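Bear in mind the structure is a predicted one, so any value in this text is a computation, not a measurement. Every chain is numbered from 1 and lettered A, B, ... according to where its sequence line falls, protein lines coming before strand lines.
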Amino acid sequence: MEDLLKNKSDEELIKGVANKDESAFEILAEKYKYSVLNIIYRYTGNRTEAEDISQDIFVKIWHSADSFKHKSKVSTWIYRIVVNYCLNFKNKNKINANIQSLDELSEKGEIITNSSKEHKSYESQETDKIVRESVNKLPERYRMVLVLSRFENKSYQEISEIMNLSVPAVESLIFRAKANLKKALSPYFNKKTGI
Amino acid sequence: MKKECINPEKLSAFLDGELSEQERENIKSHVKDCPLCQKEAQGLTKLTELLNNSFLPIEPSPYFIPGLKQKIEDNEPMPAKITINDWISRIKHSLVPIGATALILLSFVAGNRIGNILYQKSSTAQEREIYTSVESSILNDSPESSLTNTYANLLPEEGER
Ligand SMILES: [Zn+2]
C-alpha cells in the first residue's frame, strides 16, 4: 500500500491529502521536509526553530490541500506556502532569528550533515556566523530570493512563480541581495582573499 | 574590451546559469578579455562560496514526522459537533420501515447513549489538550515558540493563492 503510494505523483498525493489520506500526507511530508526545513533554516538562521516552523507548514498543507487548484505544480504551491509564511510572519516571535553560531549548534548536537562534521577552525566558524548575520540583515525579499536561488537551486522562472514576481524583478532582487552582501562583507572579503 | 562592460545584474544572472544562449555567448566573449568584468565575476563567485560554506544543509530530526503527526492530532477539531438531531435524522433514514413508536424509543435510547459517548469523548480530548499543553510548556525552553502561539499565528491566515 505504502509502496504503491510512493510511486504516485505529487498531484496524486495532494489529492490524497485533500481527502485526509494520512499515508499520502506522510509520503509528501517525507519528500519535501528536507527542502522546507532548509529554506526556513537559511531564512531564519535558526536551526531549532526551523524544525518547529517546518512542521507548522506541513500542518497548514494538511489543512489546506483541498484548496489546491492544480493550476501550478504541487512543489510551487508548497514553496509558496513556505514563502508566505516566512514573509507574513516576520513580526511574530518565531521568525526573528537569533543567529546561532556553529559552536552552539554543535554543542546541542544539532548538526548532522556529513560536511559539517569536518572540523572547522574557530576563525572559520566566526566567518560563517558573520555571513549568516549579514544574510539575516538583508530585507526579507532579498533574503528569500537568495535562499531559493542559491540554496534551493530554483531558476529565476520558478522563483517568479513562487513569489508572484516577474523574472526581471527576480533577477534584480537577486543581484541587489548579492550586492548588499558583498558590501556588508567587504572588509572581511578583502582580508580573506583566497577563500 | 571595446564593447561596453556587462551590466553587473546580467553578470550575476549569467553566473546563476540564467539568460538565453545568445546572451550567455556575448557575456562569455566579453568577460574573457575584460579584467574589470572578470574581477566583478570573481567577487560574485567568492560570495557564492562564502554562502555555501556558511549555510551547510541540515537534516530533519528523526522526530520530524512523529512530531508533525502529533501536532496535527492536537490540532484536530473536537468531534462534539455532531448533534443529537443529526443522529436522529440518520437513524430515521435507515430505519423508516420499523415504525414511529419504535423510532421514537430508539431515538431516545440512542440519543442518550451517543450523548454520553460524545460527552466522554470531548472531555478526554480536552484533557489531552490540557495535558499536552502543560507538557509542551514544561519541555519547551523557549515559550515564544509554543504550540499555542503557533496555531494562534496559523489559524487566521487561511486560503493560499
Ligand atoms: Zn567588461
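Chain B forms more heavy-atom pairs under 4.5 Å with one residue of A:Glu30, A:Arg176, A:Glu51, A:Lys33 than with any other, namely A:Glu51.
No part of A:Phe68 comes within reach of chain B, as not one of its non-hydrogen atoms sits under 4.5 angstrom from that chain. Of the two parts of B:Leu19, only the side chain, counted from C-beta on, holds a non-hydrogen atom closer than 4.5 Å to a non-hydrogen atom of chain A. With a 4.5 angstrom heavy-atom cutoff, B:Glu9 touches chain A via backbone and side-chain atoms both. There is no contact between A:Glu22 and chain B, counting heavy-atom distances below 4.5 Å. In this structure, chain B has heavy atoms under 4.5 Å from both the backbone and the side chain of A:Ser155. The contact between A:Leu146 and chain B is made entirely by side chain atoms (from C-beta outward), counting heavy-atom distances below 4.5 Å. Contact of A:Val36 with chain B is not made at all, since no heavy-atom distance falls under 4.5 Å. Proximity to chain B (any heavy atom under 4.5 Å) is shown, for A:Ser54, by both the backbone and the side chain.
Both tests pass for A:Arg42 against the ring of A:Phe151: distance under 6.0 Å to the centre and angle within 45° of the axis.
Panel note: side chain B:Lys71, backbone A:Asp52; a donor-acceptor pair is recorded below 3.5 Å. In this structure a side-chain-to-backbone donor-acceptor pair under 3.5 Å is present from A:Thr127 to A:Glu123.
Side-chain contact between B:Asp16 and A:Phe175 is absent, with no heavy-atom pair separated by less than 4.5 Å.
For the pair A:Lys15 and A:Glu12, the salt-bridge criterion is not met [side-chain N within less than 4.0 Å of a carboxylate O]. Between A:Lys182 and B:Glu40, at least one side-chain N (NZ, or NE/NH1/NH2) sits under 4.0 Å from a carboxylate O, which counts as a salt bridge.
Distance check, rounded to the nearest 0.5 Å: NZ of B:Lys10 to SG of B:Cys37 gives 14.5 Å.
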